[in-house]
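See below for the structure under consideration.
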Amino acid sequence: MARHLITSALPYINGIKHLGNMVGSMLPADVYSRYLRQRGHDVLYICATDEHGTPAELAAKERGVPVDEFCAQAHDAQKAIYDGFALAFDYFGRSSSPQNVEITQHFARKLNENGFIEERAIRQVYSPADGRFLPDRYVEGTCPHCGYDKARGDQCENCTRVLDPTDLIDPRSAISGSTDLEVRETRHLFLLQSKLQHEVEAWVARHEDDWPQLASSIARKWLTEGLHDRAITRDLDWGVPVPADTWPELAAEGKVFYVWFDAPIEYIGATKEWADAAPDGEIRDWKSWWYEADDTVRYTEFMAKDNVPFHTVMFPATELGVREPWKKVDYVKAFNWLTYYGGKFSTSQKRGVFTDQALDILPADYWRYFLVANAPESDDSSFTWEHFTATVNKDLADTLGNFVNRVLSFSRKRFGDDVPAGGTPGEAETRLGEEIARLLAEYEEQMDALQFRKAAAALRALWSAGNSYLEEKAPWLEIKTDKDGAALTLRTAMNLIHLYAVVSEPLIPASSAVMRAAFALPDDTADWVTADEAKALASVPAGTPFTVPPVLFAKLTDEDLATYKERFGGGEG
C-alpha cells in the first residue's frame, strides 16, 4: 500500500478557532487520514500550532504574559479542543520547536548559498509612541484594494490580498493606536522569488490539472501577476532567529524570520518532532517522509483558500531554491469559506460558533458530520442553525440513530439478547446486498477523490438503504406470521449496523465505536468491508450477544433552535 503524508494548515496560536477553520483544513484532513488507514495505507498526519509573528506577540501582550508562556498555554488549549473533535493527528507540534528552528535556519542558509536571498535596505513603518518598528499585524488601516477599514499589515481579511504595512491607507499602530507613524530605513533579508518564477511555473504546470479548480486557479493567478521578491525577516522579539553564522549583523539586531517563511517548514519540523518523541525502542524515520520521497510518498495538503498562495507558490519556491530533494505537495485540497448566515466567521471579530462552544453544546460527531456533509468545496457554504438542526434530525437522528435503536430494541424484546437465528436469505436480501455493495463503492470512490460532500451523501444513502429494507420487510408485522422470517430480517439489519459502524468511522468515530461495541464479537478486527462482505451481510452471525446502546443522536427541538439563535445570533447576513 502507498505511504500517505497529510498536513493541514497550521492554526494560528492566537485564540480558539471557529467552525470555518475546522472544516477548511483539519477536519477533512482527519476524515481522509482515518479513511486511508482503514483501507490499509501507511499514513502520517502532521499538524502544529503556528506560533510566530505578530498575532502571538499581540495576544500575549493583551494577556499580560510572556509570549513563550502564552504560546505554550494556547497550544495545550487548542490541542484539547482538537482531541475533543477526535482529530487523530499522528503528531501535533509547535512551530516554535527547536526542530523547526534548526530546519528553518538550514533552509535559509541553503537559499543564501544558492543566490536566492539578498540583504536589502527598506523603508518600514516606525512608531515613535511605541519606540519600535511595526511589522505586519502591528499596523492596521484601510485596504487599498477593497476599502476594508480593519485590514492588517500582512493580509486583508476581507479580500485576502497579501499586503505590506506601507500599503495601508490611514495606518495606525495596533499596539497604541497611534497614527503618528514614520517610515524609517532598516535592513532585511529578501527571498528572490522573481528568480524562481519559471521553475515554480513549470512545477505548478505539472500538477495543476490534478488539483481542484480553486487551488489551481489561485496559483495560476499569482503566477500570472508575477512573483515578487519578498522580505522574509521582521523586527520582532519572537520567532526563528536569523543565524549569526550567516548574517551576524542582522542577528545582532535581533531579526527573526517572517512567520510565513518558517510556518510551512514546520510541516517538516513537526515530523522531526514526531520522530524525536518516539517511545523507547521505537525508531521513527522522519526524513524518509520528506527527503528523496517523490516516488514513495503521496503528499496531500488541506487548507482554506486564503492559504493556497503560500502553499502552491511561495513554499514551493522556497523548496525549489534550496536545491535539495525535499518532498513537495502532490495534491492541494482547497476549500472556500464556511459563512455564518452569509457573513464571515471571524476570530478577531468573534462572529460565529467557535470550536470550544460547539463542544459545549453537542458531542463532536454532530459537528463532524454536518461540516463534512456541507463542506465548502465548489463554493462558499453557509452555516445556519436551521440547517444544522434539520441535518442532525433528518440524517443522524432519524436515518441512522433511529434505525439502530429500533432494530436492536425490537430484536431484544422479541428474541432476547442474542442475534436471532432462523430464516434463509431471499430475494430482498440479495437486492439489499447488491445495493449496499454499489453504494459502498460510490462512497469509496468519492473518498478516494476527496469529494467530501459527495462522500457524505453516499454514506447517507447507505444508511437510508437500511431503512428502506426495514420498511419493506416490516418485521413488526412479519413476526406475527413468520417468526423465522422476522429473525432473518433483524439479523440482516444488525449486520447493516455493524457495516455502518465500520464504514462511518471516518466521519463519526465515537458513534461508530458505540455501534460496533453493541455486538460481542470476539474477533472483530475488520478495518473495512469488501464488496463480497457487503453483499453477504453475514459478519455478525446468529447467536452473537448484543446490547442496546444509548440513543446515538438526540433530536434537536424548536426550543434548542431558539436557544442557539439567542446565544449566537442568526438570521442576518
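Position 1 is the first residue of the sequence; numbering continues from there.
Checked against ring pair (Phe, Tyr, Trp, His ring centres under 6.0 Å), Y366 has the following partners two or more places apart in sequence or in another chain: F553.
Side-chain polar atoms of S33 and D30 form no donor-acceptor pair below 3.5 angstrom. In this structure, a donor-acceptor pair under 3.5 Å is present between the side chains of E273 and S97. Of the N and O atoms on the side chains of S288 and R3, at least one donor lies less than 3.5 Å from an acceptor on the other residue. In this model, no donor atom of one side chain and acceptor atom of the other lie less than 3.5 Å apart for E445 and Y443. Counting only N and O atoms by type, the side chains of N21 and H18 include a donor and acceptor under 3.5 Å apart. In this model, no donor atom of one side chain and acceptor atom of the other lie less than 3.5 Å apart for Q78 and Y12.
In this structure, K483 places its NZ atom where only 12 or fewer heavy-atom neighbours from other residues, nucleotides or ligands lie under 6.0 Å away.
Here the rule is ring-ring contact (aromatic ring centres under 6.0 Å, His included) with H387, and of Y341, F370, Y340 only F370 fits it.
Judged by the 6.0 Å and 45° rule, K327 forms no cation-pi pair with W289. Seen from the ring of Y469, K473 does not count as a face-on cation partner, given the 6.0 Å and 45° thresholds. Taking the ring axis of Y291 as reference, the NZ or CZ atom of K287 stays within 45° of it and closer than 6.0 Å to the ring centre.
Ring geometry, H311 versus Y267: the interplanar angle falls from 30° to 60°, so the pair is classed tilted.
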